[in-house]
A.B. asks: 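So that we are looking at the same thing, I have put the structure below in structure tokens.
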Amino acid sequence: MGDSGPEARAEASRWTWGIGAALVALAAAGALAVVRPWMAVLPLGLFLVACAAAPFFPAWGFFGKTVVRGRAEPPGVALTFDDGPHPSTTGPLLDLLRERRVRAAFFVVGRHAAAHPDLVRRMAAEGHEVGNHSASHDVWLMLRGSRTVLREIRNGNEALAAVGVRTLAFRPPVGIVGPRLFPALRRQGMFAVGFSRRARDFGNRRVSGLAQRLLPEVRPGDIVLLHDGAVAAEGGAEQWLDEVRRVLDGLVAMGLAVRPLSEHIDRPILG
Ligand SMILES: [Zn+2]
């Protein structure tokens with residue numbers, strides 16, 4: 001068959017920039033070893049530095065492909081909300097999105113979905129897309145073994161399946177990737193979604209001025225990261241919602257549409 005089927009794509013995705021970089025580093029070290037042996041450590045050292053930095057830069061695709069941007073034309077962005085659902089934020093946020101006719105993507109934590117299944121059902125019923133943000137939001141997940149990584153993804157999926165949602169998209173906790181993530185996602189038939197713009201809200205711990213920080217940096221094609229979790233800032237959930245409202249207003253003023261993530265990246269989110 002043609003090479004555009006999902007299996008062929010999964011096969012191709014096994015080749016990563018990391019593998020390419022390793023081969024280049026080895027070849028360079030081999031060549032240098034002949035001329036100036038001590039210099040052979042330089043490409044190997046650089047490769048190790050790249051390995052150490054790559055988890056923090058998913059866009060490099062060093063360990064595997066992470067979708068971090070969408071289409072720029074027609075001018076628009078996708079909004080993503082991580083860490084929910086939460087009883088203090090999700091309901092009011094869904095009200096606001098419904099009022100503005102905006103469809104967002106929610107990357108939910110399995111344990112929170114299990115605690116508040118009705119909120120996840122409401123997300124799906126109101127046309128939002130839902131992704132898996134791991135079962136327990138372990139911020140050190142990428143340092144754990146393969147089995148733990150797979151279990152966190154699978155348990156997240158099961159929590160969503162319990163409320164009738166099957167998702168294809170996974171966003172790792174704190175947006176950090178690692179070498180064990182991509183084989184685990186392939187086994188689950190899923191792909192990784194990152195982001196290209198964030199409000200530096202530290203998971204709703206810094207809400208004041210959120211829209212003002214975010215809007216000047218937003219560009220067409222961005223996948224914007226916001227949070228749908230307890231607001232540990234002075235103004236509480238109300239202030240946070242005001243900021244989200246300002247973001248929506250600002251995007252309209254900038255002539256940027258907010259489109260569903262699947263449309264933005266031209267790939268289904270829900271299976
Ligand atoms: Zn998160």
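Whatever order the structure lists ligands and atoms in, that order sets their numbers, starting from 1. These values consider heavy atoms only, across backbone and side chains, with no hydrogens, waters or symmetry-generated copies.
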A.B. asks: Mind checking side chain to side chain contact (heavy atoms under 4.5 Å, CB included) for Arg144 and listing every partner two or more places apart, or none if nothing turns up?
C.D. replies: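 If we apply the side chain to side chain contact (heavy atoms under 4.5 Å, CB included) test to Arg144, skipping adjacent residues, the hits are Asp138, Trp140, Leu141, Thr148.
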A.B. asks: Sort by chain and number the protein N/O/S atoms found under 2.8 Å from the Zn ion (ligand 1).
C.D. replies: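 Short answer, with waters excluded from the count: Asp83 OD1, His133 NE2, His137 NE2.
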A.B. asks: In this structure, is the centre-to-centre distance between the rings of His112 and His116 below 6.0 Å?
C.D. replies: no
A.B. asks: Quick check on side-chain contact (heavy atoms from CB on, under 4.5 Å): which of Val67, Val68, Leu79 does Ile223 satisfy it with?
C.D. replies: Val67
A.B. asks: Are more than 12 heavy atoms, taken from residues, nucleotides or ligands other than Glu217, located less than 6.0 Å from that residue's CD atom?
C.D. replies: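 Atom CD in Glu217 is packed in, count exceeds 12.
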A.B. asks: Just wondering, more than 12 heavy atoms not from Glu126 lying within 6.0 Å of its CD?
C.D. replies: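 More than 12 heavy atoms, drawn from other residues, nucleotides or ligands, come within 6.0 Å of this atom.
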A.B. asks: For the backbone of Ser262 and the side chain of Glu129, can you confirm whether one donor and one acceptor N or O come within less than 3.5 Å of each other?
C.D. replies: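 Such a contact is found between Glu129 side chain and Ser262 backbone.
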